[in-house]
There are 2 protein chains.
Amino acid sequence: MPRATIDDVAGLAGVSIKTVSRVVNNEPNVRQSTREKVLGAVRALNYRPSAPARSLAGDRSYLLGLLYDNPSANYITDVQYGVLASCREQGYDLLIHPCDCQQAGICEEITGLVGHSNMDGVLLTPPLSDSRIIVDALERAQIPFVSIAALQTGRRAAGVVTDDRRAAFSMTEHLLSLGHSRIGFICGHPQHRAMAQRLEGYRDALQAAGLAVADSLVVQGYNSFESGQAGARRLLQRKKPPSAIFAGNDDMAAGAVMVAHQMGIRMPAELSIAGFDDIPLARQIWPTLTTVQQPIKAMAQAATQLLIGILRAAPRTDIEAVIPSRLIVRESTAVAG
Amino acid sequence: MPRATIDDVAGLAGVSIKTVSRVVNNEPNVRQSTREKVLGAVRALNYRPSAPARSLAGDRSYLLGLLYDNPSANYITDVQYGVLASCREQGYDLLIHPCDCQQAGICEEITGLVGHSNMDGVLLTPPLSDSRIIVDALERAQIPFVSIAALQTGRRAAGVVTDDRRAAFSMTEHLLSLGHSRIGFICGHPQHRAMAQRLEGYRDALQAAGLAVADSLVVQGYNSFESGQAGARRLLQRKKPPSAIFAGNDDMAAGAVMVAHQMGIRMPAELSIAGFDDIPLARQIWPTLTTVQQPIKAMAQAATQLLIGILRAAPRTDIEAVIPSRLIVRESTAVAG
DNA sequence: AACCCAATTGACAGCGCTGTCAATTGGGTT
DNA sequence: AACCCAATTGACAGCGCTGTCAATTGGGTT
């Protein structure tokens with residue numbers, strides 16, 4: 001049997017299609033008895049509104065986009081999970097779009113994608129959320145968006161963040177409390193604002209402890225496992241290597257762990273390593289990683305709710321929701337040897 | 001300026017909207033000169049057909065769904081990547097839908113999802129592809145689908161697989177050639193056909209080498225890291241533990257590696273461990289995993305192409321494309337000590 | 001009882017395409 | 001030159017909804 005349409009429901013309930021539409025969309029000003037009659041017919045016919053018809057008539061698609069940069073694979077799974085949870089709850093569907101942040105014409109690609117699938121709005125993850133040209137392009141094209149990341153300064157937009165700086169501060173304190181005074185730091189990608197915040201938190205804690213921030217103990221990474229390996233190698237080959245390494249994310253920390261294994265350095269006895277994010281990998285390598293549990297799913301959910309709210313109501317802007325993260329101590333950190 | 005419609009293009013090109021439609025959809029029987037005139041207007045106006053309007057009028061949505069079971073996170077990233085690549089190429093969008101295979105009412109949930117978003121077809125990954133009730137439901141609802149997995153026996157359907165049995169055979173041979181004669185095996189989920197194939201390959205190789213398949217060396221796992229840990233613990237606590245462990249996938253192999261670390265067993269000197277899939281994790285743990293590189297992205301791409309082909313042409317069924325996989329030897333396997 | 005006005009309901013156009021089928025075109029054939 | 005027929009083009013309905021605005025309802029008020 002073919003799918004029931006709004007006309008079928010209206011016929012069975014003995015009302016006009018407009019009234020069915022009102023009930024289905026939870027609009028006000030429908031008598032309770034009428035609402036029940038319609039809902040009965042909806043159930044009887046197993047009616048589900050046609051998404052394209054709604055979309056065409058109502059000029060909104062109930063479709064959100066999730067844009068992300070390719071390599072961030074480990075992190076994005078959790079983001080997807082959170083976003084989908086909120087989408088389903090609210091009757092939205094989700095299109096995912098990995099894209100290459102660096103690529104020429106990325107802005108046209110993104111606005112093209114959004115236009116073609118006519119999404120109602122998009123969710124942005126770092127590093128896309130940190131790109132001025134991409135955010136500019138979205139604003140110019142008047143595409144509603146929410147960042148799952150810190151807002152760019154001076155931007156009228158909405159975002160959901162965690163307290164990166166404070167969490168990095170706590171992690172550094174943790175290492176200091178274990179007696180480490182030479183703590184290496186592997187920075188994340190220089191263009192990711194969250195990564196800059198984490199470096200700040202590290203610096204703050206050292207200063208608060210009265211220690212100098214040695215340039216030789218801070219190396220540049222690029223968020224990837226491989227860049228973590230490279231960074232750790234540089235740190236561990238110094239004349240006076242650090243007794244602890246704090247990496248800007250878990251992927252890089254895992255790379256550092258790998259290098260330590262290869263160099264025959266025992267962890268945590270001879271070297272403590274800490275990460276940030278608490279991706280599944282943090283529990284799957286040995287020693288398991290002490291890290292900062294970032295509530296990625298919760299952040300993604302909150303961002304999605306925010307976006308849907310913006311789509312429904314008048315655009316509220318300048319919103320930055322902060323969801324706190326917490327320290328998880330596992331096997332990779334211990335008292336300095 | 002508002003988005004250009006088919007009428008705008010028709011007006012500018014001086015033809016009817018039907019002709020524009022023909023050109024845009026690459027239909028035959030349009031004079032070359034007309035086609036060029038229309039394409040010129042399309043470019044001039046930056047015209048992009050409205051997805052919902054097409055969908056409503058043409059009764060197809062250019063939307064595919066990718067269904068997968070929640071926990072398979074590590075594997076699904078690659079699948080998504082491959083599927084998306086093919087989708088973009090062909091002008092399709094992708095909706096992703098994690099779902100819980102075990103949950104009551106899963107069939108209604110799936111057909112509901114597909115109906116609501118009115119997808120043209122769906123891609124199935126294991127274990128969904130191995131569930132008779134789910135595949136039955138899709139067939140009953142006449143939803144076109146392709147499995148990124150072996151077909152269920154006796155089923156008229158299409159799927160893309162790799163040569164699981166032969167690859168497992170090769171891996172076992174590899175371990176045998178290193179002098180291991182007591183090789184433990186951690187099975188994958190009993191309801192995943194691919195996992196059963198891998199066990200068969202392991203058995204084949206032992207038999208081919210004239211060795212008995214000891215029941216005590218085969219333990220049941222459930223694909224997860226944790227189940228790999230449990231399985232490895234059981235194997236290594238035997239009076240005569242194996243000198244090598246072959247796990248049905250990399251997640252379980254990684255779990256085994258973790259257990260060996262915790263028990264103070266040196267790898268690969270005292271214990272060789274091998275996995276299957278070559279997920280990123282295989283390179284991120286220490287020692288790096290010897291494994292079977294499954295061409296997941298290629299399989300996903302092939303499956304997507306197959307599905308789109310089926311949607312376009314008359315439904316071809318009974319197709320099983322086989323994409324070969326290959327052995328990757330890393331640090332986790334070595335000559336028996 | 002007549003009236004009023006907010007609450008409720010419905011008629012109908014129109015969103016931007018594709019499918020159907022009829023009309024037109026134009027080069028080859030007699 | 002008249003005709004024919006495949007190739008090409010176009011007219012128009014209709015997909016299933018929502019938005020707009022007008023019509024109706026019905027309880028409170030005078």
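In what follows, chains are A, B, ... by sequence order, proteins preceding strands, each numbered from 1. Values below: every heavy atom of this structure, side chains too, minus hydrogens, waters and symmetry copies.
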Are A:Val24 and A:Tyr47 side-chain neighbours, meaning at least one heavy-atom pair lies under 4.5 Å? yes

Does B:Gln103, at its CD atom, have more than 12 non-hydrogen atoms belonging to other residues, nucleotides or ligands within less than 6.0 Å? yes

Interatomic distance, CD1@B:Ile310 vs CG@B:Asp120, rounded to 0.5 Å, equals 12.5 Å

Does the distance from a Lys or Arg side-chain N to an Asp or Glu carboxylate O, for B:Arg132 and B:Glu139, drop under 4.0 Å? no

If you measure from the Lys or Arg side-chain nitrogens to the Asp or Glu carboxylate oxygens, is any gap between A:Arg35 and A:Glu27 under 4.0 Å? no

To the nearest 10 degrees, how far apart in direction are the end axes of the helix from C:dA1-D:dT30 to C:dT30-D:dA1, each fit to five base pairs? 50°

Option from A:Ile96, A:Leu67, A:Val160, A:Leu307 for which side-chain contact (heavy atoms from CB on, under 4.5 Å) with A:Leu123 holds: A:Leu307

Nucleotide by nucleotide, 5' to 3', does protein get under 4.0 Å of the base (B), only the sugar-phosphate (S), or neither (-) in nucleotides 7-19 of chain D, counting heavy atoms? -SBBB--BBBBBB

How far apart are the C-alpha atoms of A:Gln80 and B:Gln80, what are their side-chain angles, what is the distance that settles it, and do they pass the side-chain hydrogen bond (donor to acceptor under 3.5 Å, both in side chains) test? CA-CA 12 Å; A:Gln80 280 183 10; B:Gln80 281 183 10; 2.9 Å; yes

